[in-house]
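Working notes, structure below.
Computed over heavy atoms, backbone and side chain alike; hydrogens, waters and symmetry mates excluded. Letters go in sequence order (proteins before strands), and every chain restarts at 1.
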Amino acid sequence: MSSPRVRFAPAPTGFLHVGSARTALFNWLFARHHGGEMVLRVEDTDAALKTQEYVDAIIEPLRWLGLDWDSGPHFQSDRRDRHSEAIERLVDGGAAYYCDLTRAEIEERCAAAGLPAGYHGWSRDRDVADGPGVVVRFRCPDDGTTVVDDIVRGRVSFPNESLEDFVIRRGDGSPTFHLANAVDDHDMGITHVVRGEDLLNTTPRVQLIWQALGFGALPHYAHLPLLVNAKRQKLSKRRDDVALDNYRRRGYLPEAMVNYLALLGWGPPDEVEIRPLDEIVELFDLDAVKPAPAFFDPARLDHINSAYISEFTPEQFAARAEPFLTGPDAPWPAECYDRATVEALAAEIQQRIAHLDEAAGWIDWILCPDVTYDEKAWHKSIVKGRAAAEVLEAVEAQLTDDDFTSAERLEAIVMGVGDELTESLGQRVRSQPPVRVALTGTGSGLPLWEPMRLLGKDQTLSRLRKAMSRL
RNA sequence: GCCCCCAUCGUCCAGCGGCCUAGGACGCCGGCCUUUCACGCCGGUAACACGGGUUCGAAUCCCGUUGGGGGUGCCA
């Protein structure tokens, strides 16, 4: 394929949607695979949306994902003159006409004529003059078919009689996206239009405008399957968790997110799903994209994110997790944070978390100045635990003489207490649970010994005493 | 209502006429490992929506049905 040129053309809505991110990714993968170019174009026909804040809300998540572009960001609103000129040409050539009917007037006419709801070309021959509030409508052919050759779906035909004369210029003079799309894609030399399936129905309109403007050969189209929720509805801003930034904030890694997104609607031929982006670039192509909608499955995302997290070295992990351990949401006072502790326990934490914001929960008891008891665990291991008081007492006594330099020795001491009590009482005494609850506050967690060493002698002894006095 | 799209395990992907008694991954269930939790390892559960064709032969091609979804705006 000779150097394709694609575009990612999001509307500025305040944040980047995971569905849009997937569209951006597939455009990017296609461009990079074929050595082509990607254009970023902000579809702000609504003009008021061109604020730095809204633009950043698109650009920053793209950068976070590691996607780049060769041209842009361009703004549709900056191209107003080109759009107006195209509209004039269409009106002059008879391909479009003025219309001053309101929504209500259109409905009235339909009711009076006994026609189903729709526009029915009411103003085609009314010879309306241009003026404030007057729109421009495109005159659609009454018969024949408009065909969209889609890379993902094959040939899709639309009977022209099902197409209404649609608006290409609003009452305020601004162009609608169908018009702007055709003009911009043409002017920017777009060869492949890759976007969501929800836009498939609008393609005939854009193609009709394209042809009426004499733009020549149409670009190729590829309509990607929609991303859906568990109920198989299109992901929606209102009911679904779709803001990419939310995932970032919860500690999903960009490399994991991009990897997962690539797997929705596409799969590598060798079935190796978790792999670096450059390999995906090499393997990806649009003709291998599946047409069926794909469920955005959080469980699968978690799995992939976990896989990436577990690959980190301790240093990498500590660096990547740091934003989640030092921010205002960290459970400990800022001055208690200690990177060395994180690195020392990294491997153990890594295999237990699916996203980085879970890291703090495994070590908060070490970095926080005090313990918080989980009452259920307290009850189970200390109130009802066999000989728990004796265990705490014996462990405290033996630890008083230890220098706390060896995790192995700490383990031997605690477990030894359990063995001794088991023998003297003639019943199995488990020493780890009460000690764990006394130190960490909970019944389960990291393997105790190394964290205990890191907690230090003073804290360990004082927490054991605190637990004993609480009994 | 009208137009359009889609249809392989619960989910994502493989399969593009014979290699399929349908493969992988996630999830789920069971076991091993382990004096916590987890990781790891082993095993299991589970699908070609239905009905017609075409063909020597269909998960794969065609038609229909059913089901799901999308669009039907002076949003994109």
Side-chain angles (χ1 to χ4, degrees), chain A residues 9-13 20 43-46 49 76 99 101-103 106 116-119 133-137 148 150 152-154 156-164 166-178 180-181 195-204 223 225-226 228 230-234 260 262-274 288 290-304 306-307 310 347-353 362 377 381 411 414-415 418-419 422 428-433 435-437 440 442-448:
Chain A
T13 53
S20 305
E43 306 254 305
D44 58 347
T45 50
D46 244 356
L49 300 174
Q76 212 150 58
C99 171
L101 264 25
T102 62
R103 193 89 221 137
I106 291 166
Y119 177 65
V134 171
V135 305
V136 175
R137 285 182 183 271
V148 177
D150 193 278
V152 175
R153 279 149 228 285
V156 183
S157 302
F158 298 83
N160 287 336
E161 58 186 320
S162 71
L163 266 33
E164 293 279 8
F166 54 93
V167 173
I168 58 175
R169 191 200 71 185
R170 302 191 184 94
D172 65 2
S174 64
T176 62
F177 102 110
H178 303 104
N181 243 239
R195 19 119 92 146
E197 199 218 291
D198 49 345
L199 294 172
L200 179 55
N201 290 304
T202 73
T203 307
H223 286 93
L226 252 24
V228 299
K231 288 149 92 177
R232 309 216 62 88
Q233 297 160 313
K234 174 169 87 158
Y260 176 57
L263 264 14
L264 295 173
W266 177 83
D270 59 7
E271 301 196 321
V272 177
E273 299 179 318
I274 299 180
K290 256 186 38 150
F295 170 45
F296 183 86
D297 186 355
R300 223 169 123 65
L301 208 211
D302 276 1
H303 168 72
I304 292 174
S306 306
S310 57
E348 297 293 348
I349 301 169
Q350 283 168 262
Q351 62 183 8
R352 288 174 175 77
I353 63 175
W362 292 93
S381 300
E411 175 176 10
V414 175
M415 299 313 268
D419 292 341
T422 297
R428 178 67 180 278
V429 173
R430 292 158 59 92
S431 56
Q432 188 177 155
V435 172
R436 178 180 289 281
V437 173
T440 75
T442 64
S444 69
L446 264 29
L448 240 199

Value in whole Å for how far the C1' atom of B:U72 lies from CG of A:Leu163: 11 Å
Contact list (N/O, under 3.5 angstrom) for nucleotides 69-71 of chain B vs protein:
residue, atom, partner, partner atom, Å
B:G70, OP1, A:Lys234, N, 3.4
B:G70, N2, A:Asn201, OD1, 3.4
B:G70, N2, A:Asn201, ND2, 2.9
B:G71, OP1, A:Lys234, NZ, 2.7
B:G71, O4', A:Asn201, ND2, 3.3

Under 4.5 Å between any side-chain heavy atoms of A:Arg153 and A:Val148, yes or no? no
Rounded to whole angstrom, note down the C1' distance from B:U45 over to B:C3. 42 Å
When you measure from the side-chain N and O atoms of A:Arg103 to the phosphate of B:C74, is any distance below 4.0 Å, counting only OP1 and OP2? yes
Can you confirm if the aromatic rings of A:Tyr260 and A:Phe296 lie within a centre distance of less than 6.0 Å? yes
When you compare the side chain of A:Glu273 with that of A:Arg300, does any pair of heavy atoms fall below 4.5 Å? yes
P spacing across the pair B:A14 / B:C9, given as an integer number of angstrom: 13 Å
When the distance from CG of A:Leu301 to C1' of B:G27 is rounded to whole Å, what number comes out? 14 Å
Identify whether any heavy atom of A:Val135 sits under 4.0 Å from a base atom; if not, whether one sits that close to sugar-phosphate; answer base, sugar-phosphate or nothing. base
Side chains of A:Phe158 and A:Leu200: closer than 4.5 Å at any heavy-atom pair? yes
Would you kindly compare A:Asn181 and A:Ser157 by the position of their nearest RNA chain B nucleotide and give the one closer to the 5′ end? A:Ser157
Can you tell me, in whole Å, how much space there is between the P of B:G23 and that of B:A59? 14 Å
Begin with the C-alpha distance, continue with both residues' side-chain angles, and end with the deciding distance and a verdict on side-chain contact (heavy atoms from CB on, under 4.5 Å) for A:Thr202 and A:Phe177. CA-CA 10 Å; A:Thr202 73; A:Phe177 102 110; 4.0 Å; yes
A side-chain contact here means heavy atoms from C-beta on lying under 4.5 Å apart; do A:Glu43 and A:Asn181 qualify? yes
Less than 3.5 Å apart, any donor N or O on the side chain of A:Arg436 or A:Thr440 sitting next to an acceptor on the other? no
Would you say a side-chain N or O of A:Arg195 is under 4.0 Å from OP1 or OP2 of B:A76? no
Does B:U35 pair with anything, Watson-Crick or G-U wobble, both distances under 3.5 Å, and if so, with which nucleotide? none
Look through every strand shown and name the nucleotide pairing with B:A59 as Watson-Crick or G-U wobble, where both distances are under 3.5 Å. none
For B:G70 versus B:C74, give the span between their C1' atoms, rounded off to a whole number of Å. 22 Å
Taking the P atom in each of B:G68 and B:C63, what is the distance between them to the nearest angstrom? 22 Å
If you measure from the P atom in B:C39 to the same atom in B:A76, how many Å do you get, rounded? 48 Å
Rounded to whole angstrom units, what separation is found between the NZ atom of A:Lys290 and the C1' atom of B:A14? 10 Å
Given protein heavy atoms under 4.0 Å, the one-letter contact record of nucleotides 30-48 of chain B, with B base, S sugar-phosphate only and - none, is simply -----BBBBS---------
A:Ser310 side chain vs A:Gln351 backbone, donor-acceptor pair below 3.5 Å: no
Starting at atom OH of A:Tyr260, determine the distance to atom P of B:G27, rounded to an integer number of angstrom. 12 Å
When rounded to the nearest Å, what value does the distance between C1' atoms of B:C56 and B:G40 take? 50 Å
Between B:C48 and B:U8 - C1' atom distance, rounded Å: 4 Å
Beyond-backbone contact of A:Pro268 with A:Leu263, side-chain heavy atoms, under 4.5 angstrom: yes
Salt bridge (charged side-chain N to carboxylate O under 4.0 Å, His left out) involving A:Asp198 - partner list, sequence neighbours excluded: A:Lys234
